[in-house]
Amino acid sequence: MKKSKGLLIAFEGIDGSGKSTIINNVYNLLSSKFNLLKTREPGGKSDVCESIRNVIVNNKLDSKTEVLLLAACRNEHVKTFIKPNIENGISILCDRFLDSSLSYQGYGRKIGYKEVEKINDFGLDGFRPDYTIYFDIDFDTSIKRISDNKRENNLFDEEFKKMYSLVLEGYRKIIKKNKKSYIIVDASKSIEDVTNNVKEILEKILTEHYENQ
């Protein structure tokens with residue numbers, strides 16, 4: 001009998017949307033029921049990817065250098081961690097994926113959607129998440145959450161404040177192109193409410209996927 005493949009489910013949203021907290025919450029709630037792993041971008045599960053992450057978030061880089069490093073990190077992440085686990089039937093919850101680069105670098109830094117997609121597809125060969133959960137939140141709420149959490153701002157946070165409208169416009173355009181694979185959740189609600197909402201969404205997706213294999 002052929003072994004079922006896993007799914008790649010990306011979590012996307014602007015800074016302060018709560019996606020990183022929610023991904024940890026739902027993983028803890030569902031990992032005993034489903035064969036799941038969680039990861040993040042930039043970074044991942046290797047020293048190479050985490051080293052690239054440190055360079056990106058702690059240095060002022062040229063926009064093209066930044067997008068090339070992100071693409072290199074993503075390629076390594078997919079080839080060494082994401083795809084091998086999916087082939088073994090494990091589903092992956094990933095905190096950010098390609099659409100973050102398309103929104104932040106493609107639209108926000110004005111490199112261009114097609115240019116960023118082309119750079120990434122050199123390594124990804126069209127590989128995309130099966131589903132993307134988008135955490136919808138307004139800018140004022142996101143900044144208040146960052147401030148309330150007393151999170152130290154990195155370069156991404158400062159740049160984000162300047163290019164906020166462009167990043168959100170980018171996400172809206174991407175969602176419009178990918179309506180079938182995008183699931184939008186109201187991230188302005190309490191952590192408990194959003195956690196329960198996303199948990200129900202994932203339970204439905206994963207149950208149907210594995211039962212139909």
Trainee: What's the spacing between N178 CG and L102 CG if we round to 0.5 Å?
Mentor: 9.0 Å
Trainee: How far does CD1 of I133 sit from CG of L93, to the nearest 0.5 angstrom?
Mentor: 7.5 Å
Trainee: Does this structure show an ion pair linking R128 with D121, if we count only N-O contacts that are shorter than 4.0 Å?
Mentor: yes
Trainee: Within the 4.5 Å heavy-atom criterion, are Y131 and L206 side-chain neighbours or not?
Mentor: no
Trainee: Just wondering, more than 12 heavy atoms not from D62 lying within 6.0 Å of its CG?
Mentor: yes
Trainee: I'd like to know if D99 and R74 make a salt bridge, using a cut-off of under 4.0 Å between side-chain N and carboxylate O.
Mentor: no
Trainee: Within a 6.0 Å radius of atom NZ on K79, are there more than 12 heavy atoms belonging to other residues, nucleotides or ligands?
Mentor: yes
Trainee: Using the ring pair (Phe, Tyr, Trp, His ring centres under 6.0 Å) rule, collect all pairs that involve residues 55-100, keeping only residues at least two apart or in two chains.
Mentor: H77-F81
Trainee: How many angstroms lie between CG in L7 and CD1 in I90, if you round to the nearest 0.5 Å?
Mentor: 12.5 Å
Trainee: Donor-acceptor pair, E50 side chain versus G44 backbone, under 3.5 Å?
Mentor: yes
Trainee: Can any side-chain N or O of R53 pair as donor or acceptor with the backbone N or O of P42 at less than 3.5 Å?
Mentor: yes
Trainee: Within this structure, what is the OG-CG distance for the pair S103 and L98, rounded to the nearest 0.5 Å?
Mentor: 9.0 Å
Trainee: With salt bridge (charged side-chain N to carboxylate O under 4.0 Å, His left out) as the test, would you mind laying out the steps for K204 and E200 before giving the verdict?
Mentor: CA-CA 6 Å; K204 184 176 186 298; E200 290 177 3; over 6 Å; no
Trainee: Taking atom types as modelled and ignoring hydrogens, do the side chains of E12 and S100 form a donor-acceptor contact shorter than 3.5 angstrom?
Mentor: yes
Trainee: Could you tell me if the side chain of N75 sits less than 4.5 Å from the side chain of F122, heavy atoms only?
Mentor: no
Trainee: Compare all side-chain heavy atoms of L69 with those of L61 and state whether any distance is below 4.5 angstrom.
Mentor: yes
Trainee: Does this structure show an ion pair linking E169 with K173, if we count only N-O contacts that are shorter than 4.0 Å?
Mentor: yes
Trainee: Please evaluate residues E115 and K110 with respect to the criterion salt bridge (charged side-chain N to carboxylate O under 4.0 Å, His left out), reporting the C-alpha separation (whole Å), side-chain torsions for both, the decisive distance (0.1 Å), and the verdict.
Mentor: CA-CA 10 Å; E115 286 74 12; K110 301 181 180 180; over 6 Å; no
Trainee: Determine whether a donor-acceptor pair (N or O, by modelled atom type, separation under 3.5 Å) exists between the side chain of R96 and the backbone of G13.
Mentor: yes
Trainee: Please examine the side chains of H209 and F34, heavy atoms only from C-beta on, and report whether any two atoms are closer than 4.5 Å.
Mentor: no
Trainee: For I9, does its backbone N or O pair with a side-chain atom of D130 as donor and acceptor, under 3.5 Å?
Mentor: no
Trainee: Under a plain distance cut-off of 3.5 Å, with no hydrogens placed, do N35 and Y210 share a side-chain donor-acceptor pair?
Mentor: no
Trainee: One thing to verify: whether E203 and K199 come together as a salt bridge, which I'm taking to mean a side-chain N less than 4.0 angstrom from a carboxylate O.
Mentor: yes
Trainee: Any non-hydrogen side-chain atom of L202 less than 4.5 Å from a side-chain atom of L36?
Mentor: no
Trainee: Please set out all donor-acceptor pairs under 3.5 angstrom arising from side-chain atoms of residues 23-30, sequence neighbours excluded.
Mentor:
unit_1 : atom_1 : unit_2 : atom_2 : d
N24    : OD1    : K38    : NZ     : 3.1
N24    : ND2    : S20    : O      : 3.2
N25    : ND2    : T195   : OG1    : 3.1
N28    : ND2    : N24    : O      : 3.1

Trainee: Which value, rounded to the nearest 0.5 Å, describes the distance between Y171 atom OH and I14 atom CD1?
Mentor: 9.0 Å
Trainee: If you group Ile, Leu, Val, Met, Phe, Trp and Tyr by side-chain heavy-atom gaps below 4.5 Å, do L166 and L70 land in one group?
Mentor: no
